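These numbers come from a predicted model, not from an experiment. In what follows, every chain begins at residue 1, and chains take the letters A, B, ... in the order their sequences are listed.
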Protein chains: 2
Amino acid sequence: MASYDPAEFPPFAVTVDIVLLTVADEFSVMLVRRGVDPFAGVLALPGGFVLPDESVEDAAHRELAEETGLSASALPGVHLEQLATFGDVGRDPRMRVVSVAYLGLSRLTPLPTAGTDAADAQWLPVSTALAGHLAFDHREMLEAAVERVRAKLEYTTLATTLAGEAFTLGDLHRIYEIVWNEELDLANFRRKVLATDGFVESTGAKRVSTAGGAPATVYRRGSGTLLNPPLSRRPRAGH
Amino acid sequence: MASYDPAEFPPFAVTVDIVLLTVADEFSVMLVRRGVDPFAGVLALPGGFVLPDESVEDAAHRELAEETGLSASALPGVHLEQLATFGDVGRDPRMRVVSVAYLGLSRLTPLPTAGTDAADAQWLPVSTALAGHLAFDHREMLEAAVERVRAKLEYTTLATTLAGEAFTLGDLHRIYEIVWNEELDLANFRRKVLATDGFVESTGAKRVSTAGGAPATVYRRGSGTLLNPPLSRRPRAGH
DNA sequence: GTAATAGTGTCTGTGAGACACTATAAA
DNA sequence: TTTATAGTGTCTCACAGACACTATTAC
């Protein structure tokens, strides 16, 4: 019942790890290659310690800026939310570390070249990352993040965050197909997006594709955040 | 980039707090009255320190058993899942404490009388708890838990956890109405529940209500966990 | 009898899925 | 031309919501 002596608290360290996801040709995650032990040379999620005088939330924003090397102009367009906390006893071989994982969503942005202040960050396809070896329990974090995003695309407008400031309905459709790894009828997708208040709004501009086809209307994200009723993955289960 | 000295980590304490919810005449939460400062005499969520040799998850289960005083036979029927982590700087006036909040769902169970090993625990209506004063940032935790449960009743069969081992469709319907604080057409609710594979299964038994009415079929929870398509709260938004 | 609960049947409107079709661009 | 994309129209089926109706119990 919280009858403890503040001087006798167990020794913990608290870190944040950022699962920053984007859609390029594939669904991709930002990873850094570790320079020191443990897991030196192994790919890991960007992250670091929570400082004594900052909130966990602030630490996540700080690490997002510092470790990913995203430019200041790109940061406001990034969605960042708490994902889950990982607190198994042996997850860090050196000491007891509890880590709060955050999920970030961003449009595809170029990464700083190696040698800058930021870590040696890179975008790697999620499937490649999951097929390989990741430091600590970062694989679990990545899996949780992927499932969260897939689920959230069903009932929120978050895909517009992955699309960036200006996009066509074809772009948005492609994002859904890549993240869900599943085909979606384009005509029905268009109807659904356009029929949902606040999902997207037209900029009036048109954009021509390099691959041919008629010019497409360019949209920006709308003010809405929730889809009701939601879009659905898989053809309805049950039968 | 994780190039830190394990001996210099910032001093953190890590706790777990349990938001255990149930449905009685009202949607209720288990609270304990604090015996020591800070917040001595104030209502708080049950919780406590994560020990050095146990995972955060294990700590949550241990606190659920110890602090709530639930009998060993009732514990297996409790659903426990991680809710969110609270890590603001000043949330505990004594020192830096990061707390991992867990959401628990249980059928209504009698609480141990005061004086036992367990804390002075009590069920309090959520509305009452939110109208009053709670220790630390426990009000935020409670609000997050309530919203999570309301959302999960839409697309999971979790309501059966609140109903216990044997229940009628009337019981289940009542749980939805109380948690959502909203009326649901009983006939449509019945059709939906019975049409969803794995939601409930009949025990064959009948139960008569003390308030009159025909005997009702008694059900137990089914093996399914997800509702697809989901039940929906509010009449569809949008228009 | 009345009140309360259990349970069934039926109509309607919305919207998702399937898919045919036209239009406009690049190569 | 062919190929790829943009965009519209239409039919059908599933299902949620509304609600009328019967049945069986307590009081």
Side-chain angles (χ1 to χ4, degrees), chain A residues 25 153-155 163 166-178 180 182-197 199-219 226-239, chain B residues 25 153-155 163 166-178 180 182-197 199-219 226-239:
Chain A
D25 288 333
L153 288 206
E154 291 193 56
Y155 62 94
F167 52 87
T168 66
L169 293 186
D171 292 338
L172 200 60
H173 176 246
R174 186 177 135 272
I175 286 172
Y176 270 90
E177 291 199 328
I178 289 179
W180 282 353
E182 167 176 315
E183 286 189 7
L184 277 181
D185 184 282
L186 178 56
N188 294 330
F189 177 81
R190 291 177 52 89
R191 258 197 299 111
K192 174 67 179 180
V193 171
L194 294 177
T196 303
D197 276 357
F199 200 158
V200 299
E201 46 186 62
S202 171
T203 64
K206 293 274 185 180
R207 173 194 295 169
V208 290
S209 163
T210 59
T217 305
V218 176
Y219 294 85
L226 256 30
L227 264 46
N228 197 341
L231 274 158
S232 63
R233 269 186 286 184
R234 294 175 295 272
R236 322 228 113 154
H239 46 94
Chain B
D25 288 332
L153 288 207
E154 292 193 56
Y155 62 95
F167 52 87
T168 66
L169 293 185
D171 292 338
L172 201 59
H173 176 246
R174 187 179 135 271
I175 286 171
Y176 269 90
E177 290 198 327
I178 290 178
W180 282 352
E182 166 177 315
E183 285 189 6
L184 276 181
D185 184 283
L186 178 57
N188 294 331
F189 177 82
R190 290 177 53 89
R191 256 196 299 113
K192 174 70 179 178
V193 171
L194 294 176
T196 302
D197 276 357
F199 199 158
V200 300
E201 45 186 63
S202 170
T203 65
K206 293 274 185 179
R207 175 194 295 170
V208 291
S209 162
T210 58
T217 304
V218 176
Y219 294 84
L226 255 30
L227 264 46
N228 198 341
L231 276 157
S232 64
R233 271 187 283 185
R234 296 176 293 273
R236 322 228 114 158
H239 47 97

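Between B/Ser232 and the phosphate of D/dG17, there is a side-chain N or O to OP1/OP2 separation shorter than 4.0 Å. A sub-4.0 Å separation between OP1 or OP2 of D/dG7 and a side-chain N or O of A/Thr217 is present.
Atoms CG (B/Leu172) and P (C/dT5) sit 16 Å apart, rounded to a whole Å. Atom CZ in A/Arg233 sits about 17 Å away from atom P in C/dA16, given to the nearest Å. Following rounding to the nearest Å, A/Phe167 (CZ) and D/dT5 (C1') show an atom-to-atom distance of 18 Å. Rounded to a whole Å, the NE2 atom of B/His173 is 13 Å from the C1' atom of C/dG7. As rounded to whole Å, 12 Å separates atom P of D/dG7 from atom CZ of A/Arg207. Rounded to an integer number of Å, the gap from CG of A/Leu194 to P of C/dA16 is 13 Å. Taking atom NZ of residue A/Lys206 and atom P of nucleotide D/dT5, one finds them 17 Å apart after rounding to whole Å.
Expressed to the nearest 0.5 Å, how far CG of B/Leu186 lies from CG of B/Leu172 amounts to 10.5 Å. For the atom pair B/Thr196 OG1 and B/Leu226 CG, the distance stands at 11.0 Å (nearest 0.5 Å). Separation of atoms CZ (A/Phe199) and CG (A/Leu231) is listed at 6.5 Å; rounding is to 0.5 Å. Once rounded to the nearest 0.5 Å, the distance linking CG of A/Asn228 with OH of A/Tyr155 reads 12.5 Å.
Here D/dA16 is the nucleotide among D/dA4, C/dT5, D/dA16 with the atom lying nearest to any side-chain atom of B/Pro229. Listed nucleotides D/dT5, C/dA6, C/dA16 differ in distance to A/Lys192; the shortest reach to its side chain belongs to C/dA16.
Scored by the salt bridge (Lys or Arg N to Asp or Glu O under 4.0 Å) test, A/Arg191 finds no partners at all (sequence neighbours excluded).
Among all heavy-atom pairs drawn from A/Leu184 and A/His173, the shortest one is O-NE2, 2.7 Å.
Along DNA chain C, the nucleotide nearest A/Ala214 and the nucleotide nearest B/Gly170 are compared for position; the residue whose nucleotide lies closer to the 5' end is B/Gly170.
Residues from residues 183-191 of chain A placing a heavy atom under 4.0 Å of any atom in DNA chain D, listed by number, are A/Ala187, A/Arg190, A/Arg191.
One finds a salt bridge joining A/Arg233 and A/Glu154 here, because a Lys/Arg side-chain nitrogen approaches an Asp/Glu carboxylate oxygen to under 4.0 Å.
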